[in-house]
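Reading through the structure tokens given below for one structure.
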Amino acid sequence: CRVDLDALDEVLIDIDALYGPHTSADTAVALAAKVLDVYQGPFMDGEAQAEFVTVRERVRNRVLGALDQLARVCESAGAPQRALALFRRAIDQDPLAEAFHRRLMLMLRELGRMAEAVEVYARCKSLLETAHAGAPSPETQAIYEAVKRDL
């Protein structure tokens, strides 16, 4: 466990050091691949001890934050397809992270890919319902309604 956490920390430190307005989409994608290579899923998944839960959530939040940063770098660098791919990979890591569903829907809307944005909403809604996490947030629903108006 310690070796995996240390390796992940090294990659996240690299991301913090390289993140900035001049980071290229290629660099962002390479760093995302490194993060996802090291992060194989929730830390000590299934363990309910408080110290494992705390570390699991901290690591999860850092990984998802890094993927969000890197996807936004791709967006800023004019590489929307790469950003879309990173948001999708972030959703694969945490299917209930509604913020990534929203970002994906917004990007697809900006690209005129309304049907895909509707599919993302439907998947988000289904995932939340299956996990008994409730309905999508009003913010997510508002994006969905805006996409439907644009159809």
Side-chain angles (χ1 to χ4, degrees), residues 1 4-5 8-9 11-12 15-16 19 21 23-151:
C1 294
D4 288 346
L5 289 176
L8 184 60
D9 278 340
V11 174
L12 294 172
I15 290 170
D16 288 340
Y19 181 74
T23 305
S24 72
D26 289 339
T27 300
V29 169
L31 287 168
K34 284 175 73 173
V35 167
L36 293 170
D37 185 47
V38 175
Y39 183 74
Q40 296 293 312
F43 174 75
M44 300 296 288
D45 198 20
E47 294 292 331
Q49 295 174 356
E51 62 268 19
F52 292 134
V53 172
T54 301
V55 172
R56 181 171 39 245
E57 282 304 304
R58 181 180 59 81
V59 169
R60 175 189 159 275
N61 289 335
R62 288 183 69 202
V63 166
L64 293 176
L67 292 174
D68 182 56
Q69 273 185 316
L70 297 170
R72 289 173 187 266
V73 165
C74 290
E75 265 186 283
S76 298
Q81 298 305 320
R82 289 178 169 196
L84 288 171
L86 289 180
F87 282 126
R88 285 188 172 109
R89 290 178 82 181
I91 290 169
D92 288 343
Q93 288 298 318
D94 188 348
L96 301 180
E98 201 174 336
F100 288 113
H101 291 274
R102 282 193 299 270
R103 288 295 309 142
L104 187 55
M105 289 169 58
L106 287 169
M107 284 200 66
L108 289 167
R109 180 179 180 219
E110 289 172 19
L111 295 170
R113 294 161 59 177
M114 304 308 169
E116 286 178 70
V118 168
E119 289 173 11
V120 170
Y121 175 81
R123 180 171 181 241
C124 175
K125 183 178 177 188
S126 174
L127 288 166
L128 292 171
E129 288 171 354
T130 300
H132 303 289
S137 70
E139 185 180 2
T140 302
Q141 290 177 24
I143 294 168
Y144 170 67
E145 292 300 326
V147 168
K148 280 191 346 183
R149 281 192 303 272
D150 291 344
L151 278 174

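Numbers here are sequence positions counted from 1.
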Between [X] and [Y] (side chain of the first, backbone of the second, donor and acceptor by atom type, cut-off under 3.5 Å), is there such a pair?
X: Ser126; Y: Ala122; value: no
X: Glu98; Y: Ser137; value: yes
X: Asp37; Y: Ala33; value: no

Nearest atoms (heavy-atom pairs only) where [X] meets [Y]:
X: Val147; Y: Met114; result: CG1-O, 3.7 Å
X: Ala66; Y: Ile15; result: CB-CD1, 3.8 Å
X: Leu70; Y: Ala32; result: CD1-N, 3.5 Å
X: Cys74; Y: Ala83; result: CB-N, 3.7 Å
X: Ala25; Y: Arg82; result: C-NH1, 3.5 Å

Is there a side chain to side chain contact (heavy atoms under 4.5 Å, CB included) between Leu84 and Leu111? Walk through the geometry before answering. CA-CA 11 Å; Leu84 288 171; Leu111 295 170; 3.6 Å; yes
Could you state the interatomic distance from [atom1] ([X]) to [atom2] ([Y]), rounded to the nearest 0.5 Å?
X: Met107; Y: Arg72; atom1: CE; atom2: CZ; value: 10.0 Å
X: Glu110; Y: Asp150; atom1: CD; atom2: CG; value: 11.0 Å
X: Leu31; Y: Ser24; atom1: CG; atom2: OG; value: 9.0 Å
X: Thr140; Y: His101; atom1: OG1; atom2: NE2; value: 8.5 Å
X: Leu104; Y: Cys124; atom1: CG; atom2: SG; value: 10.0 Å
X: Gln69; Y: Leu12; atom1: CD; atom2: CG; value: 9.0 Å

Would you please test Asp68 and Arg103 for salt bridge (charged side-chain N to carboxylate O under 4.0 Å, His left out) and show each step? CA-CA 9 Å; Asp68 182 56; Arg103 288 295 309 142; 5.1 Å; no
Could you please spell out the steps behind the side chain to side chain contact (heavy atoms under 4.5 Å, CB included) verdict for Val73 and Thr27? CA-CA 9 Å; Val73 165; Thr27 300; over 6 Å; no
Relative to the ring of Tyr121, is the ring of Tyr144 parallel (under 30°), tilted (30 to 60°) or perpendicular (over 60°)?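 Ring orientation of Tyr144 relative to Tyr121: parallel.
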Apply side chain to side chain contact (heavy atoms under 4.5 Å, CB included) to Leu108 and Met105, showing your working. CA-CA 5 Å; Leu108 289 167; Met105 289 169 58; 5.9 Å; no
Could you check whether Lys125 pairs with Glu119 (Lys NZ or Arg NE/NH1/NH2 to Asp/Glu carboxylate O, under 4.0 Å)? no
Are the side chains of [X] and [Y] in touch, meaning some heavy atoms are under 4.5 Å apart?
X: Thr54; Y: Arg58; value: no
X: Asp92; Y: Leu36; value: no
X: Val59; Y: Tyr39; value: yes

In sequence, state the C-alpha distance, the side-chain angles, and the governing distance for Val118 and Leu151, and then conclude on side chain to side chain contact (heavy atoms under 4.5 Å, CB included). CA-CA 10 Å; Val118 168; Leu151 278 174; 4.1 Å; yes
Using the side-chain contact (heavy atoms from CB on, under 4.5 Å) rule, pick out the option among Leu86, Leu64, Val63 that qualifies with Val35.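 That would be Val63.
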